Asker: 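Right, I'll just put the structure down here and ask away after.
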Protein chains: 2
Amino acid sequence: MIKIGRMTDYGTQIMTYLARDSERLHAAHEIAQAVGVSLPTANKVLKTLARAGLLESQRGIKGGYLLSRMPEQITMADIIRALEGPVGLTDCGTVQQPGNCNRQPSCSVKTNWQRISKAVNDALAGVTLAELSVPPVHPVHITRQPGQSRVQL
Amino acid sequence: MIKIGRMTDYGTQIMTYLARDSERLHAAHEIAQAVGVSLPTANKVLKTLARAGLLESQRGIKGGYLLSRMPEQITMADIIRALEGPVGLTDCGTVQQPGNCNRQPSCSVKTNWQRISKAVNDALAGVTLAELSVPPVHPVHITRQPGQSRVQL
DNA sequence: TGAAATAGTACTATAATAGTCTTGTATTAT
DNA sequence: ATAATACAAGACTATTATAGTACTATTTCA
């Protein structure tokens with residue numbers, strides 16, 4: 001299985017929770033309880049998301065966190081990149097930092113991994129937080145070209 | 001970064017190497033040398049690929065490995081699934097085994113992860129070994145909008 | 001000024017992974 | 001037949017990455 005860290009899972013749940021009430025400021029302890037993780041863990045994830053610019057934070061006694069953008073403008077690729085680093089499958093071939101392969105410079109596989117990483121990245125960028133935050137009563141349609149059953153690379 | 005194991009990287013290189021000369025039988029030590037990994041490691045990967053049905057094996061003094069299908073009929077999703085298990089991003093929400101979440105049964109995130117995993121799976125299933133095995137003499141063109149230095153998310 | 005909440009960093013226990021080794025089985029050449 | 005070669009399968013260990021926690025500093029409001 002292609003793994004993402006558990007922190008990214010938490011982060012997605014947190015972002016989804018905040019998107020459902022995106023105007024108000026939410027304290028960390030409230031978020032932690034809602035999502036079902038310990039407060040220290042929630043703090044860690046929230047800090048990372050805020051540093052990445054996905055959340056705005058307000059300090060002090062009435063502080064808390066808030067989405068920095070509208071849910072329609074935040075994608076799964078943003079969340080994963082914030083918590084996992086650049087979206088890619090291998091060290092060589094991330095979308096944002098192509099290269100750095102310790103093998104022979106003309107490694108034929110490198111280009112391939114970059115293409116594959118881009119395909120995955122595009123797939124993740126096609127899912128917005130707004131789509132995730134609607135309760136899954138009637139399933140959401142993933143945006144895709146008509147008649148395109150498989151993702152074009 | 002979304003991580004795949006190093007074994008999957010090796011496996012992809014091995015499959016690509018075999019696809020370039022898909023008629024002949026290739027011994028493990030030959031493959032190991034060509035890809036640049038140790039023989040024990042190559043053996044491990046080859047065994048796994050063979051057990052998954054992606055390779056045919058011939059034992060004995062003139063034995064070796066061979067693609068079980070044509071390169072056009074083997075996709076990255078096959079290779080990753082053989083070496084990493086079912087393609088998915090989290091424990092809950094793999095494409096082939098939806099469910100098994102230890103959280104509340106109506107976890108709203110579960111459905112979302114399943115959708116995201118499917119998008120990634122489709123992307124990987126769209127890349128065939130035949131495409132990967134063409135030598136990158138003239139670099140493959142990565143589709144990107146003009147003037148878009150970074151991938152739009 | 002004190003209480004409460006976020007910010008940043010560092011540390012440790014746990015878990016997953018990689019890589020190797022050992023033993024066993026099949027095939028072929030001599 | 002027999003020995004050499006190559007694949008088969010599983011176990012074991014060192015390494016690495018991750019998760020989770022703790023501690024200190026800074027900001028804000030009553």
Side-chain angles (χ1 to χ4, degrees), chain A residues 1-14 18 24-68 80 82-85 88-91 102, chain B residues 1-14 18 24-68 80 82-85 88-91 102:
Chain A
M1 157 166 18
I2 302 178
K3 288 231 180 89
I4 61 168
R6 218 174 304 175
M7 293 299 166
T8 304
D9 191 6
Y10 300 157
T12 305
Q13 296 196 48
I14 288 173
L18 291 176
R24 195 162 57 84
L25 215 53
H26 298 265
H29 64 83
E30 171 205 329
I31 297 170
Q33 187 183 4
V35 171
V37 299
S38 72
L39 180 57
T41 298
N43 273 325
K44 186 179 188 174
V45 176
L46 287 165
K47 278 182 292 190
T48 305
L49 290 170
R51 216 176 321 169
L54 268 50
L55 295 180
E56 296 288 335
S57 64
Q58 180 72 30
R59 302 221 270 199
I61 195 166
K62 288 203 132 184
Y65 291 93
L66 187 71
L67 291 186
S68 65
I80 290 177
L83 291 164
E84 303 270 344
L89 257 45
T90 59
D91 294 321
N102 50 359
Chain B
M1 159 164 20
I2 302 178
K3 290 233 180 92
I4 61 167
R6 218 173 304 176
M7 294 299 168
T8 304
D9 191 5
Y10 301 157
T12 305
Q13 297 197 47
I14 288 173
L18 292 176
R24 195 161 58 83
L25 214 53
H26 298 265
H29 64 85
E30 172 206 327
I31 296 170
Q33 187 182 3
V35 171
V37 299
S38 72
L39 181 56
T41 298
N43 273 326
K44 187 178 188 174
V45 177
L46 287 166
K47 273 182 301 187
T48 306
L49 291 171
R51 217 177 319 165
L54 268 50
L55 295 179
E56 297 288 336
S57 64
Q58 178 72 30
R59 301 222 269 200
I61 196 168
K62 289 203 132 187
Y65 290 94
L66 186 72
L67 292 186
S68 65
I80 290 178
L83 291 163
E84 303 271 343
L89 258 44
T90 59
D91 294 323
N102 50 359

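Since the model is a prediction, treat every value here as computed from it, not as a measurement. By convention in this document, chain letters (A, B, ...) are assigned in the order of the sequence lines, proteins followed by strands, and residues within each chain are numbered from 1.
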Asker: Could you give the CG-to-C1' distance, from A/Leu25 to C/dA5, as a whole number of Å?
Answerer: 10 Å
Asker: What are the two closest non-hydrogen atoms of A/Leu25 and A/Lys62, and how far apart are they?
Answerer: CD2-O, 3.6 Å
Asker: Quick check: on DNA chain C, is the nucleotide nearest A/Asn43 upstream (toward 5') of the one nearest A/Arg6, or the reverse? Name the residue that is more 5'.
Answerer: A/Asn43
Asker: Using modelled atom types only, decide if a donor and an acceptor are shared between the side chain of B/Ser68 and the backbone of B/Leu54 within a distance under 3.5 Å.
Answerer: yes
Asker: A/Leu49 CG to C/dA7 P: how many Å, rounded?
Answerer: 11 Å
Asker: Is there a side-chain polar atom (N or O) of A/Tyr10 under 4.0 Å from OP1 or OP2 of D/dG20?
Answerer: yes
Asker: Given D/dT21, C/dT25, C/dT20, identify the nucleotide with an atom nearest to the side chain of A/Lys44.
Answerer: D/dT21
Asker: Rounded to the nearest 0.5 Å, what separation is found between the OG1 atom of A/Thr8 and the CG atom of A/Leu49?
Answerer: 9.0 Å
Asker: Of the options D/dT28, C/dT27, C/dT20, whose atoms approach the side-chain atoms of B/Gln58 most closely?
Answerer: C/dT27
Asker: Which of these nucleotides, C/dG19, D/dT21, C/dT9, is closest to any side-chain atom of B/Met7?
Answerer: C/dG19
Asker: Return whichever of A/Thr8 or A/Ile61 has its heavy-atom-nearest nucleotide of DNA chain D closer to the 5' end.
Answerer: A/Thr8
Asker: Rounding to a whole Å, what distance do you find between B/Leu55:CG and D/dA6:C1'?
Answerer: 15 Å
Asker: Mind calculating the distance between CD1 (A/Ile4) and P (C/dA15) to the nearest angstrom?
Answerer: 20 Å
Asker: For B/Leu66 and B/Leu55, run side chain to side chain contact (heavy atoms under 4.5 Å, CB included): C-alpha distance rounded to whole Å, both residues' side-chain angles, the deciding distance at 0.1 Å, then the answer.
Answerer: CA-CA 5 Å; B/Leu66 186 72; B/Leu55 295 179; over 6 Å; no
Asker: Please tell me if B/Lys3 has a side-chain N or O lying less than 4.0 Å from either OP1 or OP2 of D/dT18.
Answerer: yes
Asker: Go through the steps for B/Thr48 and B/Arg51 under the test side chain to side chain contact (heavy atoms under 4.5 Å, CB included), then give the verdict.
Answerer: CA-CA 5 Å; B/Thr48 306; B/Arg51 217 177 319 165; 4.3 Å; yes
Asker: Separation of A/Tyr65 atom OH from C/dA5 atom P, in whole Å?
Answerer: 12 Å
Asker: May I ask you to say what B/Ala50 touches in the nucleic acid, namely base, sugar-phosphate or nothing, with a heavy-atom cut-off under 4.0 Å?
Answerer: nothing
Asker: Please determine if a side-chain N or O atom of B/Ser57 lies less than 4.0 Å away from the OP1 or OP2 oxygen of D/dA8.
Answerer: yes
Asker: How far does NE2 of B/His29 sit from CG of B/Asn43, to the nearest 0.5 angstrom?
Answerer: 10.5 Å
Asker: From C-beta outward on A/Lys62, which listed nucleotide comes closest to its side chain: C/dA18, D/dC29, C/dT27?
Answerer: D/dC29
Asker: Find which nucleotide of DNA chain D each of A/Gly60 and A/Ser38 is nearest to by heavy atoms, and output the residue with the more 5' nucleotide.
Answerer: A/Ser38
Asker: Quickly work out the A/Arg59 CZ to D/dT24 C1' distance and round it to whole Å.
Answerer: 12 Å
Asker: Under 4.0 Å between any heavy atoms, over every strand shown, what does B/Lys47 touch: base, sugar-phosphate, or nothing? Just pick one.
Answerer: base
Asker: For A/Thr41 and D/dT21, is the shortest distance between a side-chain N/O and OP1 or OP2 below 4.0 Å?
Answerer: yes
Asker: Rounded to the Å, how far apart are A/Leu39 CG and D/dC23 C1'?
Answerer: 14 Å
Asker: B/His29 NE2 to D/dA4 P: how many Å, rounded?
Answerer: 17 Å
